2 protein chains.
Amino acid sequence: METTVGIETGQSRPAPTLEMVAALAGVSRATVSRVVNGSTSVAPELAQSVEQAVRALNYVPNRAARTLASRRTYTITLLVPESTSKVFADPFFATVVEGVAKYLNSTEYMLNMVTSSEADPGKTQRYLMGGNVDGVLVVSHHSGDHSWEHLNDALPIVFAGRPLLNASDSYYVEVDNEEGALAAVQHLITTGRRNIATIAGPQDMPPGVDRLAGWRSGLAAAGLDDALVEYGDFTVASGEAAMRRLLARGKPLDGLFAANDQMAAGAHAVIQEHGLRIPEDIAVVGFDDDLFATSVSPALTTVHHPISDLGEKMAHMLVELIEGRPAHRVCRLPTSLVVRESA
Amino acid sequence: METTVGIETGQSRPAPTLEMVAALAGVSRATVSRVVNGSTSVAPELAQSVEQAVRALNYVPNRAARTLASRRTYTITLLVPESTSKVFADPFFATVVEGVAKYLNSTEYMLNMVTSSEADPGKTQRYLMGGNVDGVLVVSHHSGDHSWEHLNDALPIVFAGRPLLNASDSYYVEVDNEEGALAAVQHLITTGRRNIATIAGPQDMPPGVDRLAGWRSGLAAAGLDDALVEYGDFTVASGEAAMRRLLARGKPLDGLFAANDQMAAGAHAVIQEHGLRIPEDIAVVGFDDDLFATSVSPALTTVHHPISDLGEKMAHMLVELIEGRPAHRVCRLPTSLVVRESA
DNA sequence: TTGTATGCGTTATCAG
DNA sequence: CTGATAACGCATACAA
């Protein structure tokens with residue numbers, strides 16, 4: 001764009017076509033197509049002149065034509081359950097999108113989001129099955145949405161987190177919840193805690209059960225008791241309630257692992273409200289490393305959940321699938337413990 | 001989708017085409033195309049049978065083919081200056097996107113975002129000029145990005161907020177900053193304030209100058225003095241600094257209008273730090289009604305900035321432009337005063 | 001390795 | 001008002 005475009009016609013000239021490039025380079029359209037698509041079987045000299053012509057004309061392939069001819073759309077859709085407004089309000093979604101976009105930027109694929117709760121329920125169905133998309137990313141964590149179910153084998157799908165149904169034959173990427181929880185417990189043990197409780201998540205959600213399992217295995221490895229379990233639903237309020245129940249048991253308690261930061265925040269408040277100090281009296285470790293971790297005082301020691309990486313990995317897997325390359329069915333992302341003041 | 005898809009071939013059958021619908025309905029492809037696109041000139045009976053066939057086959061037009069034939073992409077892009085990650089972190093962008101998506105859901109258009117700061121600078125250029133898009137929405141508020149400049153008249157463009165350059169021949173939608181500021185000042189006056197200061201925004205940004213103008217006109221209408229002006233750059237820190245300068249003048253001051261909530265929050269802190277009460281000693285009104293408005297105590301009385309509406313309106317205008325319908329060059333959205341505790 | 005010819009699913013032009 | 005038919009820009013068997 002080193003030349004000014006001026007005011008000329010007011011109508012820009014039509015975009016250069018493959019044919020124009022072919023003419024300029026003195027080859028056939030097929031050859032241009034080959035070099036543009038990186039086919040190896042083309043003479044270096046011809047390739048050169050084609051590339052020159054491409055630059056000279058500032059040629060860029062017409063997406064629609066390419067799609068129509070190749071039956072590939074080069075677009076993948078991110079299927080989310082909530083309404084568009086809620087998606088952007090939810091930092092988890094936003095961060096997943098960020099990761100997806102980051103990876104896709106290095107490819108030819110475009111991303112488009114469709115929220116399945118939109119007006120016409122069948123519309124999403126038809127759109128996805130209508131050959132408008134090469135693959136789909138599903139981020140329907142905790143939601144009754146199953147618009148992807150009928151996709152069956154029509155399209156490659158990658159899930160964010162282990163899906164509740166058909167986990168055994170689905171492609172998905174998840175954080176290593178169990179390992180993360182284990183690390184949290186080990187930290188607690190290492191720092192001298194012996195009576196370690198947990199506020200677990202819902203047991204009908206993979207993260208809920210896996211994090212509880214991690215807590216259990218950590219305790220078992222150290223020969224400690226695993227009786228101090230209360231359940232919450234990942235909300236602050238449920239964390240408060242669970243903490244009250246834990247305290248009400250009247251058993252010794254000097255360490256707490258909450259299955260997510262929101263519940264940890266709730267527990268935080270209750271602990272302090274009871275005149276107990278954190279971490280002196282009760283050390284607490286959360287999970288996720290989200291906004292709640294740093295908004296409480298003392299700041300939460302917690303297990304970092306690499307959400308952006310998760311998005312990146314999902315996109316990567318999906319593209320591999322689309323392009324017919326083999327891909328591992330499940331990708332488990334490592335976590336890391338972030339030590340702050342609470343433990 | 002009332003029938004189970006089963007395990008059959010593993011490969012779903014090809015999407016139904018216009019031709020198949022035509023065959024089933026016993027008409028020509030052209031006719032099908034007409035009813036699908038809502039052309040009036042088609043016999044009601046034929047239209048009916050076509051519609052039946054469409055439903056029966058669950059037909060959905062192939063986007064690529066339609067685009068190729070009609071030279072229209074049904075895609076609009078949202079051009080943002082920041083990196084993808086920052087976009088999602090910024091509530092303003094997120095909310096604009098929400099509004100845009102909301103409107104677009106009622107149309108056939110798809111939205112795709114391109115962040116101009118991506119890798120190849122010319123890539124965005126080529127993409128936009130390459131006939132891949134019907135129009136663009138620019139949300140480059142306060143940023144040195146001008147990747148849209150070379151778009152010239154190639155594509156319809158709608159800006160978020162009055163653009164600094166070429167404001168006289170650009171299409172844009174903005175909130176009525178002056179009116180909002182005026183309402184803020186009037187509220188202050190109505191509640192008995194007489195010595196009303198302002199912390200204005202940067203004077204090289206439209207919202208900065210318009211909000212200052214609104215404050216001035218409110219004061220003028222009431223015959224009050226407009227000498228108490230200090231400037232900030234819309235950050236909390238600048239609000240604090242400006243408030244200190246205001247207080248240091250030693251003049252009577254019982255009311256403050258800050259050009260945005262962040263600066264108001266900064267002023268808040270300084271006022272209280274000086275042992276002054278809000279609103280008893282100094283009543284303060286902000287602008288934007290964002291997170292900062294409710295995160296300070298006492299909560300901020302402020303001018304609501306309808307960001308989602310702004311996104312909606314932008315999308316609406318752009319679609320009108322694309323479809324060749326006349327559109328007003330500028331759309332000014334009304335604001336509303338949200339009265340909380342600070343004034 | 002290169003070119004030729006055909007088809008992708010729609011829209012649009014033009015007769016009828 | 002309706003139906004042939006020619007683009008639309010590219011990929012890809014197939015032939016050379």
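The basis for the numbers below is simple: all heavy atoms, side chains too, and nothing from hydrogens, waters or symmetry mates. Just so it is clear, the model here is predicted, and its values are computed rather than measured. Below, chain A is the first sequence line, B the second, and so on; all start at residue 1.
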| Could you state the CZ-C1' distance from A/R29 to D/dC8, rounded to the nearest angstrom? | 12 Å

| remark: Distance col, row B/Y172:OH vs B/L310:CG, nearest 0.5 angstrom, shows 12.0 Å

| When the distance from CG of B/N37 to C1' of C/dA12 is rounded to whole Å, what number comes out? | 11 Å

| A/E19 CD to D/dA11 C1', straight-line distance once rounded to whole Å | 14 Å

| task | Identify, between B/A65 and A/A43, the residue whose nearest nucleotide on DNA chain C lies closer to the 5' end. | result | A/A43

| d(CG, A/L68; C1', C/dG7) in whole Å | 9 Å

| said: Check the phosphate of C/dT11 against B/S70, side-chain N and O only, distance under 4.0 Å to OP1 or OP2. Yes or no? | reply: no

| Between C1' of C/dT10 and CG of B/N62, the distance in whole Å | 8 Å

| task | Remember a base hit wins even if backbone is also touched, and classify B/A30 as base, sugar-phosphate or nothing at under 4.0 Å, heavy atoms. | result | base

| When you measure from the centre of the six-membered ring of A/Y74, is the NZ or CZ of A/R66 under 6.0 Å away and within 45° of the axis? | yes

| Are OP1 or OP2 of D/dC10 and a side-chain N or O of A/S33 less than 4.0 angstrom apart? | no

| request: Report the distance from atom CG of B/L104 to atom NZ of B/K102, rounding to the nearest 0.5 Å. | output: 13.0 Å

| field | Gap between atoms CG and C1', on A/L18 and D/dA11 respectively (whole Å) | value | 9 Å

| message | With a cut-off of less than 4.0 Å, is there a side-chain N or O of B/Y59 near OP1 or OP2 of C/dT10? | response | yes

| task | Give a yes or no on whether a salt bridge exists between A/R72 and A/E323, defined as a side-chain N under 4.0 angstrom from a carboxylate O. | result | yes

| request: Report the distance from atom CZ of A/R66 to atom P of C/dG9, rounded to the nearest whole Å. | output: 18 Å

| message | Working to the nearest 0.5 angstrom, can you tell me the gap between B/D134 CG and B/T75 OG1? | response | 6.5 Å

| field | B/R71 vs D/dG9: side-chain N/O to OP1/OP2 distance below 4.0 Å | value | yes

| request: Considering just the side-chain nitrogens and oxygens of B/S28, establish if one lies under 4.0 Å of OP1 or OP2 belonging to D/dG3. | output: yes

| query | How would you label the contact of B/T31 with the nucleic acid (heavy atoms, under 4.0 Å): base, sugar-phosphate, or nothing? | reply | sugar-phosphate

| message | Without decimals, in angstroms, what is the distance between B/R34 CZ and D/dA4 P? | response | 11 Å

